[in-house]
Amino acid sequence: MKRIKHALATILVLLSLLWLWADPLTLEGGSFFAVRSIAVHYSGVLAMGVMSIAMILALRPVALEPLLGGMDKAYRLHKWLGIAGLSISGLHWLWAQGPKWAVGWGLLERPQRGPRPEQTVELFRFFQEQRGLAETIGEWAFYAFIVLAAIALIKRFPYRRFFQTHRVMAAVYLALVLHGVVLLPFAYWSTPLGGVMALLMAAGSYAAVLSLTGRIGRSHRALGTVERVMQHPGNQVLEVALQIDSSWPGHQTGQFAFVTFDEREGPHPFTISSAWQGDGHMTFLIKPLGDYTRSLPATLRAGDPVRVEGPYGRFDFTGTQAHQIWVAGGIGITPFIARLQALAAQGGDKPVDLFYSTAAPDEGFIARLRELAAQARVKLHVLVTAHDGRLDAERICRSVPAWAQAGVWFCGPAGFGNTLREALGARGLAPERFHQELFEMR
């Protein structure tokens, strides 16, 4: 999370510094409308900048994964950039509309304005003539942005509604680009800010077009068929084995993919629970966490077509520590199963303790996990919540005397992971040695 916070803060600071360079603070006698002008321009630059970067991240750029720590972190940054864009856009709208209301209510007096300087640049003259239209487009696009952001952030809306409506966000963004290009002060374009904003809006517009045409991630897609579907009744996990029939670059253990079983539903992200053997076989363990995933046992059949996009993520088990501790909560066992398979086939060079905490044990599933852990020479600790209580930092430290020299890899509920991170940190574990996948795409 620190890397995401730093990235967001860096973006806001850099945009602010570029804006200050382009528009030094001059309040023209300190009038309210001079302050309003500055606030409108500054908030507009920030809002357009963060929304453009959020749009670029929607492309799922693999090249940025090392910088951000994985695609899960990139999506979390995308989410917070969207929230920041919505918040700043709200302030921008209030600064633009509020004084107009105050003038209409007789609370403020509109300042006297002389004639605008005549524009000698034909393009800027055209922009000046379109200001009223651009303001109207921006206002209505902002209202649409509010509605679409609410659907994205309120998780009571089904995922398919989020998927269907989120693509419309690209069209809203293009409307806001039009608004921004026309209304950005002409003097900004000759400064570094103008170059950066032009680059961001051009890249964001390209991403928006790819989104609207359904081409995001196309170069990372592979087609296949469902080979086997097996339900584990004890923990309600659905095991889905695929046979990839087209080109797949292979994946590392711990990575995830976007899987489309139904084009109407769209792609869902699932962690890959099998090591890549080069034979086209791939397995996913799917927990019924929503309406769609709950329906899969009744609707998914062997032979069904499937599309897989990826691989993404950097939950890669690398590290210089001499010992590793893996902690899985519920369906968070998925990436560890893939890693166990890889270690069973290739061997490992360091001791590993795997803690699997579950509230819904499936005896057959756990038996297979024990067998796989034995083959991989990994020490397995299975804790069933009803019998063994909740897993905490004290139990981990007691079970692994060398925990202070270990790297910790966690996958499971976010609250569980955050609590564990804080407790181990309080005991002296360095933050960079706790690796947690932020597996939430909305």
Side-chain angles (χ1 to χ4, degrees), residues 11 15 44-65 67-68 71 74-75 77-86 88-89 123 126-127 130 133-149 151-153 159-184 189 193-223 257-258 260 263-269 307-310 312 441-442:
I11 290 167
L15 287 171
V45 165
L46 284 186
M48 202 69 243
V50 299
M51 285 190 287
S52 295
I53 297 172
M55 199 71 239
I56 294 167
L57 289 177
L59 287 177
R60 302 197 268 273
V62 176
L64 292 182
E65 284 200 277
L67 179 64
L68 296 173
M71 193 59 67
Y75 260 84
L77 179 59
H78 167 85
K79 173 182 175 178
W80 282 107
L81 284 168
I83 293 172
L86 179 62
I88 298 168
S89 295
L123 178 61
F126 173 75
F127 283 175
Q130 306 306 315
L133 176 62
E135 288 174 355
T136 301
I137 289 174
E139 181 179 354
W140 285 102
F142 170 65
Y143 299 148
F145 186 19
I146 293 174
V147 174
L148 294 172
I151 294 174
L153 295 173
Y159 184 90
R160 65 180 177 276
R161 297 295 177 226
F162 158 73
F163 172 73
Q164 293 161 354
T165 59
H166 208 57
R167 185 174 289 180
V168 181
M169 190 75 83
V172 172
Y173 170 79
L174 291 174
L176 291 171
V177 167
L178 175 62
H179 170 84
V181 167
V182 172
L183 295 178
L184 195 73
W189 292 112
L193 174 65
V196 169
M197 292 302 294
L199 182 63
L200 288 177
M201 289 190 285
S205 297
Y206 171 73
V209 171
L210 291 186
S211 177
L212 288 170
T213 55
R215 295 165 60 193
I216 288 180
R218 176 171 289 187
S219 62
H220 299 285
R221 293 177 186 173
L223 301 177
F258 288 90
T260 303
E263 292 291 344
R264 295 169 299 179
E265 179 70 20
H268 281 247
R307 186 176 74 234
V308 182
E309 179 198 325
Y312 298 114
M441 298 293 124
R442 56 182 297 197

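Just so it is clear, the structure is predicted and the values come from calculations on it, not from any experiment.
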Say you draw a straight line from CG of L176 to CE of M169; how long is it, rounded to the nearest 0.5 Å? 9.5 Å
With heavy-atom distances below 4.5 Å as the criterion, would you say the side chains of V182 and L133 are in contact? no
S211 side chain to A207 backbone, donor-acceptor under 3.5 Å: no
Over 60° means perpendicular and under 30° means parallel, so classify the ring planes of F258 and Y75, tilted if in between. tilted
Would you call R307 and E263 a side-chain contact if the rule is heavy atoms closer than 4.5 Å? yes
If you round to the nearest 0.5 Å, how far is CG of L15 from CE of M197? 7.0 Å
If I take atom OG1 from residue T260 and atom CG from residue L223, how far apart are they, to the nearest 0.5 angstrom? 10.0 Å
If we only count heavy atoms from C-beta on, is the P269 to M71 side-chain gap below 4.5 Å? no
Under 6.0 Å from the OH atom of Y143, do we count more than 12 heavy atoms belonging to anything else shown? yes
For Y173 and S52, test the side chains for any donor-to-acceptor distance below 3.5 angstrom and give the result as yes or no. yes
Within this structure, what is the CD1-CD1 distance for the pair I11 and I53, rounded to the nearest 0.5 Å? 4.0 Å
Rounded to the nearest 0.5 Å, the CG atom of L174 sits from the CD1 atom of I137 at a distance of 11.5 Å
How far apart are the closest heavy atoms of V181 and W189, and which atoms are they? O-CZ2, 3.8 Å
Looking only at heavy atoms, what is the nearest atom pair of T165 and L148, with distance? O-CD2, 3.5 Å
Nearest non-hydrogen partners of R167 and L212, listed with the distance: O-CD2, 3.5 Å
Check: I83 and L153 side chains under 4.5 Å, non-hydrogen atoms: yes
Hey, does F142 have a side-chain heavy atom less than 4.5 Å from the side chain of H179? no
If you take all heavy atoms of M51 and S89, which pair is closest and at what distance? CE-OG, 3.7 Å
Side-chain heavy-atom pair I56, H78 within 4.5 angstrom cut-off: no
Work out which heavy atom in G85 is nearest to a heavy atom in A47; give both atom names and the distance. O-CB, 4.3 Å
Any H220 side-chain heavy atom under 4.5 Å of R60 side chain: no
Return the minimal non-hydrogen interatomic distance between G214 and R221, and the atom names on each side. O-NH2, 2.9 Å
Only one of I146, V50, L81 passes side chain to side chain contact (heavy atoms under 4.5 Å, CB included) with L86; say which it is. I146
What distance do Q130 atom CD and L183 atom CG have between them, rounded to the nearest 0.5 Å? 10.5 Å
